[in-house]
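These notes concern the structure reproduced below.
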Amino acid sequence: MPKTLIIITGPTGIGKTATGIRLANHLQTEIVSADSRQIFKELSIGTAVPTNEELELVKHHFIHSHSIHDNYNASRFETEGLRLLDCLFSKYNQVVMVGGSMLYIDAICNGIDSMPDADPEIRQSLKKQVETNGIESLRLQLKQLDPVYYNSVDLKNPARIIHALEMCLMTGKPYSTFRSNTKKERPFRILKIALNCDRDKLHNRINLRVDKMVEAGLENEAHNFYSLRNLNALNTVGYREFFSYFDGEIPRNKAIELIKRNSRRYARKQLTWFRKDAEVHWFEPNQTNEIIEFVESQIKS
RNA sequence: GGGAAGAUACCGAAGCGGUCAAACGGGGCAGACUGUAAAUCUGUUGGCUCAGCCUUCGUAGGUUCGAAUCCUGCUCUUCCCA
């Protein structure tokens, strides 16, 4: 029987966790999380990790498995994820991957070109350069070091330019030479399922979930990490807004409102990403039975 | 009961006779994306048979070649005096 990775994805708050657990339970297999924030052991409320009860139903991987102090990224997820999948596929014919981190899922499905980790000091100095001299100075530098990438990159996006420059400066080679633009082959089949529903309903779910997080003590959780706010792991919806509140920049109710808005925006962005993936099969969150049926029919063929 | 200010697109808010389908902000929607991705960035936001046309600036009239902008009545809101 061919090995199949079944991916359950979709926008934040749509109900991936519950669906994934039911599917994994049905298939008698385990779940690999593809969530760039639930992976951090220090974060719980703001990331909406599965509850202890849920975690007892099915064995989960990459939940609370790393530290916010780790310099985690999509490439590491690819490496560690594939290693784990290799191991799991020796026990199961199907494995369920659940999560909404688009790039992480993409890294597992298609791969990320190999290149070195960014040097934090170089990144820091490039960031400073943008602040003091503006993005134009980085553009000029990129034009010299990597004219190929310069012609295709979004020149208004500092993050893109900074990363390209990091690679150029660290390796002495143009960033574009690392970009192969090839899809890697995987030793398993991939079945992509995404959940979505009416936009108003989704927004309601998100708003409600944020209220529940706040009730559950999100403010306190965020407060615990206030001093670590500069960590990338904490540049996260739910925490950054509370940090602004702690700074006295915005009132508390405004922070909560912003968490809702930014969650809605994140959901939309996720949908934009998944929509362009023709391999995705779409379902409503309450169609778990249909999903199980669909998966059954697919893994038999 | 008397007086003052105001009613602008999904919301807030500019505009104060033509260059206004209407600045700006918010929200929404759409898109980009390969080591920060819950990140970072972009576009769009009255309708249509879309280089043009149609309907919009509380409402009904009026002035004017021409009004969101001026005048009058009405409705509503806020504030002040009784």
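Residue numbering restarts at 1 for every chain, and letters A, B, ... go by the order of the sequence lines. The shown structure was predicted, so the numbers you read here are calculated from the model rather than taken from an experiment.
Remark: rA4(B) base-pairs with rU78(B). Criterion, Watson-Crick or G-U wobble with two distances under 3.5 Å. As the counterpart of rC70(B), rG62(B) is assigned, both hydrogen-bonding distances of the Watson-Crick or G-U wobble pattern falling under 3.5 Å. Pairing for rC20(B) is absent, judged as Watson-Crick or G-U wobble with the two contacts each under 3.5 Å.
Mapping K260(A) and Y266(A) onto RNA chain B via the closest heavy atom, the residue that lands nearer the 5' end is K260(A). For the pair N181(A) and R265(A), nearest-nucleotide mapping onto RNA chain B gives the more 5' position to R265(A).
Spacing between rC71(B) and rG17(B) at atom C1', rounded to whole Å, works out to 13 Å. Nucleotides rA23(B) and rC57(B), compared at atom C1', are 14 Å apart to the nearest Å. Between rC16(B) and rA22(B), the distance separating the two C1' atoms is 13 Å to the nearest Å. Only the P atoms considered, rG31(B) is 48 Å distant from rG62(B), to the nearest whole Å. Here the separation of rG12(B) from rU45(B), taken at their C1' atoms, is 16 Å to the nearest Å. A distance of about 10 Å separates the C1' atoms of rU8(B) and rG58(B), rounded to the whole Å. Nucleotides rC80(B) and rA13(B), compared at atom C1', are 25 Å apart to the nearest Å. Comparing the C1' positions of rC70(B) and rC81(B) gives a spacing of 30 Å, expressed to the nearest Å.
Per the geometry, CZ belonging to R268(A) stands 7 Å off P belonging to rG28(B), to the nearest Å. At whole-Å resolution of the value, CD in Q270(A) and P in rA32(B) are 15 Å apart. Between H163(A) atom NE2 and rC41(B) atom C1' the separation is 16 Å, expressed in whole Å. rC33(B) atom P lies 17 Å from atom CG of L271(A), rounded to whole Å. Following rounding to the nearest Å, N73(A) (CG) and rU40(B) (C1') show an atom-to-atom distance of 15 Å. A straight line from CG of N151(A) to P of rA32(B) spans 20 Å, rounded to a whole angstrom. We find that CH2 of W273(A) is positioned 17 Å from C1' of rA30(B), with the value rounded to whole Å. The nearest whole Å value for the distance from the NZ atom in K254(A) to the C1' atom in rG12(B) is 11 Å.
Within residues 227-242 of chain A, the residues having any heavy atom closer than 4.0 Å to RNA chain B are, in order of number, N232(A), N235(A), T236(A), V237(A), R240(A).
Put simply, R160(A) has a side-chain N or O that comes within less than 4.0 Å of OP1 or OP2 on rU34(B). The side chain of H203(A) places an N or O atom within less than 4.0 Å of a non-bridging phosphate oxygen (OP1 or OP2) of rC29(B). At rU34(B), one or more side-chain N or O atoms of R179(A) fall inside 4.0 Å of OP1 or OP2 (strictly under the cut-off).
Ring-plane geometry between Y175(A) and Y149(A) is classed as perpendicular, the angle between the planes exceeding 60 degrees on a 0 to 90 degree scale with a lower cut at 30. Aromatic ring pairs are classed by plane angle as parallel below 30°, tilted from 30° to 60° and perpendicular above 60°; the pair F242(A) and Y245(A) is perpendicular. Classification of the F283(A)-F294(A) ring pair by plane angle, with boundaries at 30° and 60°, yields tilted.
Residues R229(A) and N235(A) have side chains that never bring a donor and an acceptor to within less than 3.5 angstrom of each other. A donor-acceptor pair shorter than 3.5 Å cannot be found between the side chains of H60(A) and E54(A). When only modelled atom types and interatomic distance are considered, T12(A) and Q270(A) share no side-chain donor-acceptor pair under 3.5 Å.
Ranking rG31(B), rC41(B), rU36(B) by closeness to the R37(A) side chain, first place goes to rU36(B). With rC29(B), rU34(B), rC33(B) as the candidates, the nucleotide lying closest to the side chain of T272(A) is rC33(B). Relative to the side chain of D154(A), the nucleotides rC33(B), rC41(B), rU36(B) differ in distance, and rC41(B) lies closest. Here the side chain of Y149(A) is nearest to one of rG31(B), rU34(B), rA37(B), namely rU34(B). Distances were taken from every side-chain heavy atom of K156(A) (C-beta onward) to each of rG43(B), rA32(B), rG28(B); the shortest belongs to rG43(B). For R199(A), the listed nucleotide lying nearest its side chain is rA30(B); candidates were rU36(B), rA30(B), rU34(B). Distance from the side chain of R264(A) is smallest to rG28(B) among rG28(B), rU34(B), rU36(B). In this structure, of rG31(B), rU34(B), rU36(B), it is rU36(B) that holds the atom nearest to the side chain of K127(A).
Here F40(A) and H64(A) keep their ring centres 6.0 angstrom or further from each other.
When heavy atoms are screened at a 4.0 angstrom cut-off, F40(A) is found touching no nucleic acid atom at all. Heavy atoms of Y104(A) sit under 4.0 angstrom from primed sugar atoms or phosphate atoms, though from no base atom. Residue N262(A) is classed as having no contact, given no heavy-atom separation below 4.0 Å to the nucleic acid. Among the heavy atoms of the strands, none lies under 4.0 Å from S263(A).
Side-chain atoms of K269(A) and base atoms of rU40(B) include a donor and an acceptor less than 3.5 Å apart. Taking only distance into account, the side chain of D113(A) meets the base of rU34(B) through a donor-acceptor pair shorter than 3.5 Å.
Within the 4.5 Å cutoff, side-chain heavy atoms of H163(A) are placed close to those of E166(A).
Residue-environment remark: CD (E136(A)) exceeds the threshold of 12 foreign heavy atoms within 6.0 Å.
W273(A) does not carry K269(A) over the face of its six-membered ring by the limits of under 6.0 Å from the centre and within 45° of the normal.
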**Report entry** Residues K184(A), R186(A); criterion side-chain contact (heavy atoms from CB on, under 4.5 Å); working and verdict
**Finding:** CA-CA 6 Å; K184(A) 290 184 194 163; R186(A) 301 304 188 204; 3.8 Å; yes
